[in-house]
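Scope of the values below: all heavy atoms of this structure, side chains included, with no hydrogens, waters or symmetry mates. Chain letters run A, B, ... following the sequence lines, proteins first, then strands; residues in each count from 1.
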Number of protein chains: 2
Amino acid sequence: MIKPTESELEILNILWAEGPSNVRSVNEIMNQQKEVGYTTTLKLMQIMTQKGLVERDESSRTHIYSAKIKAEDIQGEMLDKLLNSAFGGSASKLVLSALGSGKASAKELEEIKALIQKLEKDGNQ
Amino acid sequence: MIKPTESELEILNILWAEGPSNVRSVNEIMNQQKEVGYTTTLKLMQIMTQKGLVERDESSRTHIYSAKIKAEDIQGEMLDKLLNSAFGGSASKLVLSALGSGKASAKELEEIKALIQKLEKDGNQ
DNA sequence: AATTATCTACGAACAATTTCGTATAATTTA
DNA sequence: TAAATTATACGAAATTGTTCGTAGATAATT
């Protein structure tokens, strides 16, 4: 699978959140965080099309782009990379670090607990 | 805080694992994975010194480098970045993805469960 | 003491990524 | 319909990161 660069990932995130979009609206969302020229975003999205990261509907003048890869796939891959590059392969260290920062809500903690219980049950069979 | 590049992170990992080291030994460990010239590693470590990522003891001809930042700090920072760049800020999605890949042992799952319980308890007070 | 090995410093080539200017075409507005 | 706006395409500059060659100093070996 093709690995997106930093900027490409930003765009993918927008497409995942917003669904199929044109360059202008992607660029506007990008600009909420940092200033980026329109043609910069355009160029990136063109490159992403070439790489097969996004799909482009050219039926009208304003092209519509949509993410071609699933968020989960990239997430899993990047997580794996981080796991090995920064956490020495220890998933628990990573999880502990993630939970420790206090970013998960009570409901989310429940979800995680439920998954752990399931994993433990399956593991014992 | 300064964000290390890919290569710099590799070196930091070695320094975290091995403790204070000279360029040669870092380079040798690097070479176990991929071929890298000695001066390449040297240059990287010099740059890292400038950036303040490592500290250098110059008291003898062969300089000794040690990581200046804690593994936990970088880990937390990189995790945070990944969280926002690839998981839309949802810590639970990240954790679920990490646990789902089956990389955590039974003992690790217990650790995580214990932390969750602690978090839930603290949160209710 | 001369040769060889090992070390740092440093510039610069190379590569990947990001940014944007300019050209050109289509559409909308005045 | 002329002018202004809004698109895409594309080349190339700018930026960032990586790699390494060469020079010069110090230390070890013969």
* To do: Name the nucleic acid region contacted by S7(B), choosing base, sugar-phosphate or nothing; use a 4.0 angstrom heavy-atom cut-off, strictly under.
  => sugar-phosphate

* Asked: Salt bridge check: are E110(A) and K113(A) linked by an N-O gap of less than 4.0 Å?
  -> yes

* To do: Would you mind classifying the nucleic acid contact of E8(B) as base, sugar-phosphate or nothing, using non-hydrogen atoms under 4.0 angstrom?
  => nothing

* Check the distance between dT6(D)'s C1' and I64(A)'s CD1 and give it to me in whole angstrom. => 14 Å

* **Length of the line joining L42(B):CG and dG17(D):P, which is rounded to integer Å** => 19 Å

* Structure fact -> M48(B) CE to dT18(D) C1', in whole Å, measures 14 Å

* Asked: How close or far is atom C1' of dC20(C) from atom CD of Q46(A), stated in whole angstroms?
  -> 13 Å

* What about R61(B): does its side chain form a donor-acceptor pair under 3.5 Å with the base of dT26(D)? -> yes

* **Short side-chain N/O contact from K34(B) to OP1 or OP2 of dT18(D), under 4.0 Å** => no

* So, for Q46(B) and Y65(B), which heavy atoms are closest and what is the spacing to 0.1 Å? -> CG-OH, 4.2 Å

* Whole angstrom is fine here: how far is it from CD1 in I11(B) over to P in dG17(D)? => 14 Å

* Could you tell me whether T40(B) contacts a base, only the sugar-phosphate backbone, or nothing, with contacts defined as non-hydrogen atoms closer than 4.0 Å? => base

* So does E58(B) pair up with R56(B), basic N to acidic O under 4.0 Å? -> yes

* Under 4.0 Å between any heavy atoms, over every strand shown, what does T5(A) touch: base, sugar-phosphate, or nothing? Just pick one. => sugar-phosphate

* Asked: Is L53(A) close to I11(A) at the side-chain level, that is, under 4.5 Å between some pair of heavy atoms?
  -> no

* Structure fact -> Sorted by position of nearest nucleotide on DNA chain C, 5' first, the leading residue of I47(A) and R56(B) is R56(B)

* Asked: Please give, in whole Å, the distance from dT18(C) P to E35(A) CD?
  -> 18 Å

* Asked: CD of E58(A) versus P of dT8(D): gap in Å, rounded?
  -> 10 Å

* Is any side-chain heavy atom of I112(B) less than 4.5 Å from a side-chain heavy atom of V95(B)? -> no

* So does Y38(A) get a side-chain nitrogen or oxygen closer than 4.0 Å to the phosphate oxygens (OP1/OP2) of dT8(D)? -> yes

* Asked: Under 4.0 angstrom, heavy atoms only, what part of the nucleic acid is E6(B) near: base, sugar-phosphate, or nothing?
  -> sugar-phosphate

* Asked: Has the side chain of K43(B) got a donor or acceptor that lies under 3.5 Å from a partner of the other kind on the base of dG11(C)?
  -> yes

